[in-house]
Chemist: 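There's a structure below that I have some questions on.
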There are 2 protein chains.
Amino acid sequence: MDAIDLDGATPLYRQVADVLESRIAAGTYPPGRRVPSSRNLADEFGVSRRTVVAALEILHEKGLVHGVVGRGTFVVETDD
Amino acid sequence: MDAIDLDGATPLYRQVADVLESRIAAGTYPPGRRVPSSRNLADEFGVSRRTVVAALEILHEKGLVHGVVGRGTFVVETDD
DNA sequence: TTCGATTTGTTCGTATGTATA
DNA sequence: CTATACATACGAACAAATCGA
């Protein structure tokens, strides 16, 4: 269920980032396609939108996703 | 270079406030214009964002700056 | 072309918990 | 016990870009 542990030692934004990274690896969010909006993800995980944005920043640094203002955040297409 | 002295007796947030006040006085941050974001300043000085916010609170109490949510912190225009 | 809704990204201000001296 | 400092987290607000009616 990809639950978020509020009482855990690891920060929420890292937990969210881990879940999203798992979904990308599993193909739940396929390459080239858009991931749910930050608002949507915030609702799903029960965290603030700013926390989701922080999680997406991590994935962006890892080169996993690419955000486009006005359109959404997309899974980067890799050649592996 | 406006260095911050970690080993100094004066608190970090006061040191940061002093540097920012100097820059305002010097015109580095001119009246009516925006000062760098708290995140930016935190990176520059190597302190937490919360410490920069504390510094800006001092300048706000002195009537030197004025923060606007979602836009930034601006140098107050004086009539001297 | 104009308008409104949606989305990303950024900003301030605030609160909480933890650690340190 | 108090002051300082940090990391985390939230809420509200704003800008710019995009898209469709």
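Bear in mind that the values here come from a model prediction, so they are computed numbers and not experimental data. Letters go in sequence order (proteins before strands), and every chain restarts at 1.
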Chemist: Atom CG of L56(A) and atom C1' of dG9(C): how far apart are they, to the nearest Å?
Modeler: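 Answer to the nearest Å: 11 Å.
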Chemist: Check the distance between dT8(C)'s C1' and L59(A)'s CG and give it to me in whole angstrom.
Modeler: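 These atoms are roughly 15 Å apart.
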Chemist: Determine, for E57(B) against R14(B), whether the closest basic-nitrogen to carboxylate-oxygen distance falls under 4.0 angstrom.
Modeler: no
Chemist: Report all interatomic pairs (protein N or O, nucleotide N or O of nucleotides 5-7 of chain C) with separations under 3.5 Å.
Modeler:
{"unit_1": "dT7(C)", "atom_1": "O2", "unit_2": "G70(A)", "atom_2": "N", "d": "3.2"}

Chemist: Which of the following nucleotides, dG11(D), dT14(C), dA7(D), is nearest to the side chain of S48(B)?
Modeler: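 Per side-chain heavy atoms of S48(B), the pick is dA7(D).
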Chemist: May I ask which nucleotide in the shown strands pairs with dC14(D), Watson-Crick or G-U wobble, both distances under 3.5 Å?
Modeler: dG9(C)
Chemist: Taking atom P of dT10(C) as reference, at what distance in whole Å does atom CG of L41(B) sit?
Modeler: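 So the two atoms are 16 Å apart, to the nearest Å.
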Chemist: The criterion is side-chain hydrogen bond (donor to acceptor under 3.5 Å, both in side chains); which residues satisfy it with T28(A), sequence neighbours excluded?
Modeler: none
Chemist: Using whole Å, what does the distance between atom P of nucleotide dT8(D) and atom CZ of R50(B) come to?
Modeler: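 So the CZ-P distance, R50(B) to dT8(D), works out to 16 Å.
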Chemist: Here's a test of your reading of the structure: between V52(B) and V52(A), which maps to the more 5' nucleotide of DNA chain D?
Modeler: V52(B)
Chemist: Calculate the interatomic distance between H60(B) atom NE2 and dC12(C) atom P; express it in whole Å.
Modeler: 14 Å
Chemist: Is there a side-chain contact between Y13(A) and the phosphate of dT8(D), meaning an N or O under 4.0 Å from OP1 or OP2?
Modeler: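 Y13(A) to dT8(D) OP1/OP2: side-chain N or O found under 4.0 Å.
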Chemist: Roughly how many Å is it from CZ in F74(B) to P in dG13(C), rounded to a whole number?
Modeler: 11 Å
Chemist: Report yes if the side chains of L64(A) and V75(A) come closer than 4.5 Å at any heavy-atom pair, otherwise no.
Modeler: no
Chemist: Would you check, one step at a time, whether the test side chain to side chain contact (heavy atoms under 4.5 Å, CB included) holds for V68(A) with H66(A)?
Modeler: CA-CA 7 Å; V68(A) 182; H66(A) 168 241; 3.6 Å; yes
Chemist: Can you tell whether the side chains of R23(B) and E44(B) come within less than 4.0 Å, N to carboxylate O?
Modeler: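 Yes, R23(B) and E44(B) are salt-bridged.
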Chemist: L59(B) versus L20(B): any side-chain heavy-atom pair under 4.5 Å?
Modeler: yes
Chemist: Is any side-chain heavy atom of R71(A) less than 4.5 Å from a side-chain heavy atom of R34(A)?
Modeler: no
Chemist: Return the value, rounded to whole Å, for the distance between atom CD of E57(B) and atom C1' of dA15(C).
Modeler: 12 Å
Chemist: Given atom CG of L12(B) and atom C1' of dA5(D), what is their separation to the nearest angstrom?
Modeler: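 One finds 7 Å between C1' of dA5(D) and CG of L12(B), rounded.
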